[in-house]
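Would you mind keeping the following structure in view while I ask a few things?
Read the numbers this way: they start at 1 and go in the same order the structure lists the ligands and their atoms. Keep in mind it's a predicted model, so treat the numbers as computed, not measured. Heavy-atom basis, side chains included; hydrogens, waters and symmetry copies ignored.
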Amino acid sequence: MPRIYHKHTNSGTEVVEQLKVMDYLSHHRHQDRRLVQTKTNNRQLAEPNDHLHLSARPRNRHTAHNHTNVHPNAHEHTDHGSSCTIPSCKKLLNEMEVIMRQKYVLVTGGAGYIGSHTVLELLQTGYKIVVMDNLSNSNLEALRRVEILAGRPVHFFKGDITSTADLERVFSQYAFWAVIHFAAIKAVGESAQIPLDYYHNNVTGSLNLMRVMNQFKVKNLVFSSSATVYGEPEIVPVNETARLGPVTNPYGRTKLFVEEMVRDLCKSDPEWNVCLLRFFNPVGAHVSGMIGEHPQGIPNNLLPYVIQVLQGRLPHVCIYGDDYDTPDGTGVRDYIHVSDLATGHVAALRKLEKRPGCVAYNLGTGTGYSVKQIVNAMEKATKKKIPYKVVDRRPGDVATCTADASLANRELGWSPIRSMDEMCQDMWRWTHLNPQGYDGPLKATAAAVAGDHKSS
Ligand SMILES: O=c1ccn([C@@H]2O[C@H](COP(=O)(O)OP(=O)(O)O[C@H]3O[C@H](CO)[C@@H](O)[C@H](O)[C@H]3O)[C@@H](O)[C@H]2O)c(=O)[nH]1
């Protein structure tokens, strides 16, 4: 069973949890003990500027190979890390990459839907992860299950990106070389009702994060942006050179504003490297059925809504308009499996190792599905009838939004591999095994499935 350590500070607002599971290699245990120590013995291990010395380390080639903390998987990824063809140079660069992966990556919002799937993928690739999350729309249980699936620990820090003090605390405890920034609030409709909360959380929070990163000289960032920055694209599939905006809601504007801040920052300081990942419509769940989306309240997004209809919690799907200029009149989107998005983040981190400056990538499949096609696909996956009614268009919705993801394909070596059928089946498996999401018990069948997927 997972052992969880709580640490309450004097302020009472911070809880540091060291999530650990199962038996893992003794050298990992040793490393973790050292980290627990850093929480009381300030920065014994974590030197904020440590990453700056990386380039000097590979001079001792044995460092990389003999280092006790190299995850076995890390070696697999040394084969295709460098574009250099000179064997000795390639080897040296690969060793540097292995060393970088021994450094921690901070994942803000890592206990959420996309965050937890990405943390799993990163752990399985060999990265060491610290998650900072305020748990406002996420669940620690997700990370416990991620640990079980990966067989590796996640370091968890309860904190809020709107608090500079929280950020400074986590940055002083670990030596990060990069940050993946998911933490945000994301309900489009709600953002029109409480815009200031959205600007505070998403814009001020990101600003705080980047300022603290600057302070600690951590200048590698992967930012969760969104296809929403394109507004209504003039041409679909849309590519990264398309005009940005106008965006129809405050949530979307927060993503666009943060992108603009990042571009200004990178122009002002060439040491910064940022991948802006523009997600299209993330759906699905990990194939194990152990982790998935756990929406709070009535879902806004199509697939979670369909799931609740299938569960009998909602009477029917409301299709928002069938008079769009699309083949069947309903809205067309580019749905992408959340595990494919997760591999996109690993690819983006690898890109950061090559110091690309500021680059934006679409993460989508390039294939559009209409609302009616989605309903049909879910009926096929579940063998159940899904009742629906066509209602008025939802304000702010566009007819079609699909991705040209060829840039990510070329430059990141990434492409999504999971089909619509897999997206639907995986979502249904997650729902079937976890009818109450993370609120219910972990079903024995899910635990058994986890055994099959631990090393995948
Ligand atoms: O109950 C519903 C929900 C949605 N739709 C339609 O289904 C499609 C997809 O809608 P939804 O799942 O809400 O996704 P989007 O509106 O495309 O927005 C998602 O995708 C954007 C990126 O493209 C992100 O910025 C947003 O955060 C994210 O919610 C659209 O045509 C909607 O009109 C329905 O017909 N009924």
**OP:** Before signing off on this row, confirm whether V398 and ligand 1 have an N or O atom pair separated by under 3.5 Å.
**Re:**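 Such a contact does not occur with ligand 1.
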Subject >> Subset of ligand 1 atoms that lie under 4.0 Å from at least one heavy atom of C318 >> reply: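 Checking each atom against C318, I get 1 (O), 2 (C), 34 (C), 35 (O), 36 (N).
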**OP:** Please determine, by modelled atom types, if Y251 and E190 share a side-chain donor-acceptor pair under 3.5 angstrom.
**Re:**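 Side chains of Y251 and E190: no pair found under 3.5 Å.
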Subject >> Pair R243 + E234: basic N to acidic O under 4.0 Å >> reply: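 E234 and R243: salt-bridged.
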**OP:** Run the numbers for me: atoms of ligand 1, each under 4.0 Å from some heavy atom of N300, listed by number.
**Re:**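 Answer, ordered by atom number: 3 (C), 13 (O).
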**OP:** Please state which part of N281 comes within less than 4.0 Å of ligand 1, counting heavy atoms only: side chain, backbone, both or neither.
**Re:**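 For N281, the contact with ligand 1 is made by the side chain alone.
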Subject >> Salt bridge E379-K384, side-chain N to carboxylate O under 4.0 Å >> reply: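 Answer for the salt bridge query: no.
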**OP:** Using heavy-atom distances, let me know which of Y320, Y324, Y388 sits nearest atom 5 (N) of ligand 1.
**Re:**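 Closest candidate by heavy-atom distance is Y320.
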Subject >> SB check E259 K255 (cutoff 4.0 Å) >> reply: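 Looking at K255 together with E259, the answer is no, because their closest N to O distance does not fall below 4.0 Å.
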**OP:** With heavy atoms of A227 as the reference, note each atom of ligand 1 found under 4.0 Å away.
**Re:**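 Numbered from 1, ligand 1 contributes 22 (C), 23 (O).
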Subject >> Interfacing atoms of ligand 1 (cut-off 4.0 Å, heavy-atom, D397) >> reply: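 Within the 4.0 Å cut-off of D397, ligand 1 contributes 16 (O), 32 (C), 33 (O).
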Original post:
Would H117 and S339 count as having a side-chain donor-acceptor pair, cut-off 3.5 Å?
Top reply: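 Side-chain D/A pair, H117 to S339: absent.
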Subject >> Polar contact flag for S226 and ligand 1 (N/O pairs, less than 3.5 Å) >> reply: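 Between S226 and ligand 1 (N or O atoms, distance only) the closest approach is under 3.5 Å.
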**OP:** Number the atoms of ligand 1 from 1 as they appear, then name those within less than 4.0 Å of a heavy atom of Y335, with their elements.
**Re:**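 The list of qualifying atoms is 8 (C), 9 (C).
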**OP:** Can you sort out which atoms of ligand 1 are near Y251, meaning under 4.0 Å from one of its heavy atoms?
**Re:**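 In order of number, 25 (O), 27 (O).
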Original post:
Quick one: does R394 get an N or O within less than 3.5 Å of an N or O on ligand 1?
Top reply: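 Yes - when backbone and side-chain N and O of R394 are compared with those of ligand 1, one distance drops under 3.5 Å.
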Subject >> Ligand-side contact atoms (ligand 1) for residue partner V371, heavy atom cut-off under 4.0 Å >> reply: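 So the answer, numbered in order with elements, is 6 (C), 7 (O), 31 (O), 35 (O).
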**OP:** Answer with yes or no whether the side chains of D334 and T365 bring together a donor and an acceptor at under 3.5 Å.
**Re:**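 Their side chains do contain a donor-acceptor pair, which is all the 3.5 Å distance test asks for.
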Subject >> Electrostatic pair K158:D133 at N-O distance under 4.0 angstrom >> reply: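 So K158 does not pair with D133 through a salt bridge.
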Original post:
Do E141 and R144 sit within salt-bridge range, that is, some charged N less than 4.0 Å from a carboxylate O?
Top reply: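 Yes, this pair counts.
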Original post:
For ligand 1, which atoms, with element, lie under 4.0 Å from some heavy atom of I319?
Top reply: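 In order of numbering, the contacting atoms are 35 (O).
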